[in-house]
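These notes are about the structure you will find just below.
All heavy atoms count here, side chains included; hydrogens, waters and symmetry mates do not. The structure displayed is predicted, hence computed values, not measured ones. Below, read A as the first sequence line, B as the second, and so on, with proteins coming before strands; counting in each chain starts at 1.
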2 protein chains.
Amino acid sequence: MTEQRRQPRSRPETLARRRDILDAATEIFGAKGFTGGTLQEIADQVGMTHAGILHHFGSKDALLLEVLAHRDQTDVADLAEQHIPDGMDLFRHLVRTAFANAQRPGIVQAYAVLSAESVTSDHPGRAFFQKRYETLRGEVAHAFAVVCAERGITEPDTVADAATAILAVMDGLQVQWLLDPTALDLGRASQFAIEAIVASVLEPVPSPLAGSAVISADQSRSTV
Amino acid sequence: MTEQRRQPRSRPETLARRRDILDAATEIFGAKGFTGGTLQEIADQVGMTHAGILHHFGSKDALLLEVLAHRDQTDVADLAEQHIPDGMDLFRHLVRTAFANAQRPGIVQAYAVLSAESVTSDHPGRAFFQKRYETLRGEVAHAFAVVCAERGITEPDTVADAATAILAVMDGLQVQWLLDPTALDLGRASQFAIEAIVASVLEPVPSPLAGSAVISADQSRSTV
DNA sequence: GTCTATAACGCGATAGAC
DNA sequence: GTCTATCGCGTTATAGAC
């Protein structure tokens, strides 16, 4: 994150053309995944041939990496460069984002599909998402550190788990929502879960599951 | 779920061969996704040609559907048919499952990759995952209803959001864990999140985010 | 900078021998 | 039930005209 904007490109009209391609690629990769989407479809959408796209980006892999970088600097610009909301404001920002995401299923699907696809062997987007999650976990953990410093001490493990869990629940809710938008209210469910996690960090509750050995990794077979 | 086991197949050795193919297909589809995995790779793994696989399953799409059905009836057998843990026991079961999942990344990856891939247009596994999540949400919501009846009344929306969120956080944690197994403890983080969500249903806390308009879907640009 | 043409390959699926 | 062979198509990528 916070990469320098590289601009070694030449003509101004060329840059606009590249942006058209990036937008089309975001849509196609989001709709069909990276493996499923083809240069042909992207080319059709911007009105050129697939050879033209390869002229601009060199290869399909390189195109994906530029799509991810471009989306990130467009979408997270205000969060990463401009002003990172801190402390409790970050959690409010995340909730607002979840409500906003409900209005743009295309972008949500692109991230949901590509992030999960990236765990497959030698996927070109894997390093990007590894770094992305690492950065986001750090930002959320920092917000927890700020609010915890105001109130009391909290276990480092708890903060780490909570930060990971907040990102996880937002992602997981998106997948369920994409599969069936009528099954849940994306914003409301995200707000509920984030508040639950934040609250349990600020005021830890005794485990409601106590009363049976829970910790050991036994031979349970269910996948879920 | 709770499908009748269909056994219109003939020879006993053929059934064993089919099972070999299903296991190999689970591994390949899990490692490379449905679109990315090929019949050739699956065939190599069981020592035959791709034509042989098509003889048994007819098409690649049909093979995926049988993989999903087979995995489901194998893994969730005890949960769905035998004895569905109820009330608080279900949440304990989910936590145990998360710890157990940390010992079998292959299966975890198969579900993570295929469920996210299934949101893409006309994916053959889409209906399966829609139904799967619908069923799981129902089971978790029922567990909430049981524990709520013991203690007090809770909003239906809250129960629905909590049920969805528990499944979501388990899925989302799996993706982050697959991308970097050292970044989080899958079982511990799942337990933390599930306890936080269950606790906030049983003893609702005033929103820790209060103090600023949070609800409205504004023009936030961040994706997260 | 975009095109046409083509190379080189892999895919799923089918046909028919054994 | 498994094989070989092949069809037909789509893919990424390259070469070269304009």
Side-chain angles (χ1 to χ4, degrees), chain A residues 7-29 31-68 113-114 117 120-125, chain B residues 7-29 31-68 113-114 117 120-125:
Chain A
Q7 209 94 310
R9 310 292 170 179
S10 38
R11 306 226 331 280
E13 234 219 348
T14 299
L15 285 170
R17 206 86 181 97
R18 282 173 56 91
R19 230 203 320 231
D20 291 345
I21 296 172
L22 287 174
D23 288 342
T26 303
E27 184 176 329
I28 298 296
F29 288 155
K32 312 230 181 163
F34 172 72
T35 311
T38 67
L39 295 177
Q40 183 66 63
E41 293 171 290
I42 298 167
D44 289 350
Q45 190 142 329
V46 297
M48 59 191 296
T49 63
H50 75 277
I53 292 183
L54 288 174
H55 166 75
H56 284 287
F57 294 94
S59 74
K60 192 190 182 189
D61 281 21
L63 174 59
L64 174 67
L65 295 182
E66 293 228 33
V67 163
L68 294 173
V113 170
L114 293 176
E117 188 180 11
T120 57
S121 38
D122 63 281
H123 192 284
Chain B
Q7 210 88 316
R9 311 290 170 178
S10 36
R11 304 221 339 277
E13 234 219 350
T14 299
L15 286 170
R17 207 83 181 98
R18 283 174 55 91
R19 224 190 342 219
D20 291 343
I21 296 171
L22 286 175
D23 288 342
T26 303
E27 184 175 330
I28 297 296
F29 288 156
K32 312 231 182 164
F34 171 71
T35 311
T38 67
L39 295 177
Q40 183 67 61
E41 293 170 291
I42 298 167
D44 289 348
Q45 189 140 333
V46 297
M48 60 190 298
T49 64
H50 76 278
I53 292 184
L54 289 172
H55 166 76
H56 283 288
F57 294 94
S59 73
K60 192 190 182 188
D61 281 21
L63 174 58
L64 174 68
L65 294 181
E66 294 228 35
V67 163
L68 295 174
V113 170
L114 293 176
E117 187 179 13
T120 57
S121 39
D122 63 279
H123 192 284

Picking from C:dT2, C:dT14, D:dA15, the nucleotide nearest the side-chain atoms of A:Met48 would be C:dT2
Self-check item: Atom NZ of A:Lys60: over 12 foreign heavy atoms under 6.0 Å
Solution: yes
A:Asp44 CG to D:dT11 P, in whole Å, measures 10 Å
Q.
If you define the side chain from C-beta out and look only at heavy atoms, does anything of A:Lys32 sit under 4.5 Å from A:Val113?
A. no
A:Leu54 has its side chain closest, among C:dT14, C:dC3, D:dT14, to D:dT14
Just call it for B:Thr38: base, sugar-phosphate, or nothing, with non-hydrogen atoms closer than 4.0 Å on any strand. sugar-phosphate
Value for CZ (B:Phe57) from CG (B:Leu65), rounded to nearest 0.5 Å, stands at 11.5 Å
Of the listed C:dG1, D:dT4, D:dT14, the closest approach to the B:Ala51 side chain comes from D:dT4
Item to complete: For the pair B:Glu117 (side chain) and B:Phe34 (backbone), establish whether a donor and an acceptor sit closer than 3.5 Å, ignoring hydrogens and angles.
Response: yes
Of the listed C:dG12, D:dA13, C:dT2, the closest approach to the A:Arg17 side chain comes from C:dT2
The nucleotide from C:dT2, D:dT14, D:dA13 with an atom nearest the side chain of A:His55 is C:dT2
Looking only at D:dC3, C:dG1, C:dG12, the nucleotide nearest the A:His56 side chain is C:dG1
Check whether any side-chain N or O of B:Thr14 sits under 4.0 Å from OP1 or OP2 of D:dG1, and answer yes or no. yes
Side-chain atoms of A:His50 come closest, of C:dC11, C:dA15, D:dT12, to D:dT12
When rounded to whole Å, the CD1 to C1' distance for the pair A:Ile42 and D:dG10 reads 15 Å
A:Glu41 atom CD is separated from D:dG10 atom P, nearest whole Å, by 11 Å
Here the distance between atom P of C:dT2 and atom CG of A:Leu39, to the nearest Å, is 15 Å
When rounded to whole Å, the NZ to P distance for the pair B:Lys60 and D:dC9 reads 19 Å
note: A:Asp20, atom CG; C:dG1, atom C1'; distance rounded to Å ~ 14 Å
In whole angstroms, the gap separating C1' of D:dT11 from NZ of A:Lys32 amounts to 14 Å
Looking at B:Thr120 and B:His123, would you say the former's side chain and the latter's main chain have a donor-acceptor pair under 3.5 Å? no
In whole angstroms, the gap separating P of C:dC11 from CZ of B:Phe29 amounts to 12 Å
